[in-house]
Engineer: 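Here's a structure for you.
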Amino acid sequence: MMGRDDIPVGRGDLFAMNQSDPSFSAVGDCKYVKAIPHGGGGLLDSDTLYGLARDLPRSPRRYTVQNSVKYGAPRDTENPELRQPLALEVWESVVKTLDPGSEITILTNGPLTTLASIISSESKTISLIKEVYIVGGHISRNENDKGNVFSVPSSNAEFNMFLDPLAANTVFDSSLNITLIPLGIQHRVSSFPKILKRLRNAKKTTPEALFIRRLLSRLYRLQQLHHSYHHMETFLGELLGAVLLDGDSHLSQSFKLKHMKVFADDIESRDGEVLIYQDEGKLVKVLNTVNAKTYYELFVQGLSDSKQSAVLASFEEQKKLWQKPPNETEPAE
């Protein structure tokens, strides 16, 4: 989007832990990802940014040469293929640039597969991580308080935990300093009308703010039009982690300490479920309350700040490519 590639982005795993083929990690049969719809409201829409991806310029992709066996291929070849960096490689490159004594704060907004791989790769890794903010998990208040895995009606889990319960279990079984932003508190800041009103009324704007307004308007409209999009407010709640890290002193937030574990016993109806205990399990700081009005204001404020806005690249060349009919080299008149 910004016509730059100096921000390292690594490709994550295709499958949850223990769901890929042991001899060739590029293939597998992940039962958890099957819970995500493939069409409307699912993978197709997320891959195309709900139809808005075509409107964005694209930065050049950075590739690296791989040693085939080292990165999961069955054998070495004389001409290793180019590929995008892996998330673990990006982590390793970031660690190498750290000043002595520096620590890293991590924010996760999806399954914990990569984080579990990071802390499992080297024992000293955890000492480099100051704290981890995890957006996900569902702490049920009663038997009717279900999670958001709508495609598995018997599940009481939240999607980020459900999509890789073993990874979640690994992270919550570690010595990491964890702050959890669970589904319940996300629901309190998931009002499309309120956030869209503030975006429309913002005195200043940026390309990022305009794009987010269009995207959220599209999600809200789809939610109103078709039942396949009933879960769209989930994405609003997941923004809370970024706002909390950026402006936590203004959110009037409060936390509770809870002992917990994540169920990961290969039972689909229970995998990813957060279990609360009195004395056993991981002691986790859980976000309990937050000022919703301030949250919406801080979110729009940050997006509308021209000092934080990137200079978007020109994408006239890309627009010309879009205008080319198939199998033609010259743009259409």
Side-chain angles (χ1 to χ4, degrees), residues 1-17 20 25-26 30 33 36 43-68 70-73 80-98 102-122 125 128-136 159-160 163-164 167 171 206-209 211-212 215 235 238-246 299 302-303 308-315 317-318 321:
M1 179 177 178
M2 294 177 284
R4 54 193 286 185
D5 69 346
D6 56 323
I7 300 173
V9 177
R11 183 169 56 82
D13 291 300
L14 296 173
F15 307 101
M17 293 180 71
S20 61
S25 60
C30 183
V33 77
I36 302 177
L43 296 174
L44 175 64
D45 284 321
S46 61
D47 286 346
T48 61
L49 272 180
Y50 295 83
L52 296 176
R54 186 180 176 87
D55 296 335
L56 298 174
R58 299 178 186 177
S59 62
R61 285 185 175 180
R62 178 173 292 174
Y63 291 92
T64 183
V65 177
Q66 71 175 8
N67 177 304
S68 299
K70 181 179 179 181
Y71 295 106
E81 294 182 2
L82 295 177
R83 61 172 180 80
Q84 289 179 268
L86 303 177
L88 277 176
E89 293 173 318
V90 171
W91 168 261
E92 291 166 0
S93 67
V94 169
V95 167
K96 289 177 182 177
T97 64
L98 286 178
S102 296
E103 294 178 304
I104 298 173
T105 296
I106 295 176
L107 168 66
T108 71
N109 264 62
L112 301 179
T113 313
T114 298
L115 181 56
S117 298
I118 286 173
I119 64 176
S120 301
S121 60
E122 287 188 44
T125 296
L128 300 173
I129 301 174
K130 180 181 180 181
E131 55 189 331
V132 178
Y133 286 77
I134 296 176
V135 179
F159 253 118
N160 289 342
L163 287 173
D164 197 338
V171 170
T206 60
E208 292 90 344
F211 170 72
I212 293 301
L215 178 60
F235 303 113
E238 291 198 344
L239 301 171
L240 180 56
V243 177
L244 184 67
L245 260 67
D246 186 54
F299 174 70
L303 274 179
Q308 296 192 57
S309 178
V311 179
L312 298 188
S314 168
F315 58 114
E317 287 188 19
Q318 186 170 324
L321 287 173

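Since we're looking at a predicted model, the values are computed, not measured.
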Engineer: Taking all non-hydrogen atoms of both residues into account, name the closest pair between I118 and S121 and its distance.
Structural biologist: O-OG, 2.6 Å

Engineer: At what distance, to the nearest 0.5 angstrom, does CG of L239 lie from CG of L303?
Structural biologist: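 Nearest 0.5 Å value for the CG-CG distance: 8.5 Å.
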
Engineer: So do the side chains of V135 and L244 get within less than 4.5 Å of each other, counting heavy atoms only?
Structural biologist: no

Engineer: Once you round to the nearest 0.5 Å, how far does CH2 of W91 lie from OG of S117?
Structural biologist: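 One finds 12.0 Å between CH2 of W91 and OG of S117.
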
Engineer: Do you know which two heavy atoms are closest between V171 and I119, and how far apart they sit?
Structural biologist: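 Smallest interatomic distance, heavy atoms only, reads CA-CD1, 4.0 Å.
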
Engineer: Minimum heavy-atom separation for M17 to A116, with atom names?
Structural biologist: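 That would be SD-CB, 3.7 Å.
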
Engineer: Should I134 and N160 be marked as a side-chain contact (heavy atoms from CB on, under 4.5 Å) after you check the CA-CA gap, both sets of side-chain angles, and the distance that decides it?
Structural biologist: CA-CA 9 Å; I134 296 176; N160 289 342; over 6 Å; no

Engineer: Tell me, please, which residues at least two apart from F299 pass ring pair (Phe, Tyr, Trp, His ring centres under 6.0 Å).
Structural biologist: none

Engineer: I'd like a table of donor-acceptor pairs (distance under 3.5 Å, sequence neighbours excluded) in which one partner is a side-chain atom from residues 103-115, with atom names and distances.
Structural biologist:
unit_1: N109; atom_1: ND2; unit_2: E238; atom_2: O; d: 2.7
unit_1: T113; atom_1: OG1; unit_2: D164; atom_2: OD2; d: 2.6

Engineer: In chain order, what residues pass the side-chain contact (heavy atoms from CB on, under 4.5 Å) check against T97, with sequence neighbours excluded?
Structural biologist: none

Engineer: What's the spacing between D13 CG and L88 CG if we round to 0.5 Å?
Structural biologist: 7.0 Å

Engineer: What are the two closest non-hydrogen atoms of V90 and S93, and how far apart are they?
Structural biologist: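 Scanning both residues, the minimum pair turns out to be O-OG, 2.7 Å.
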
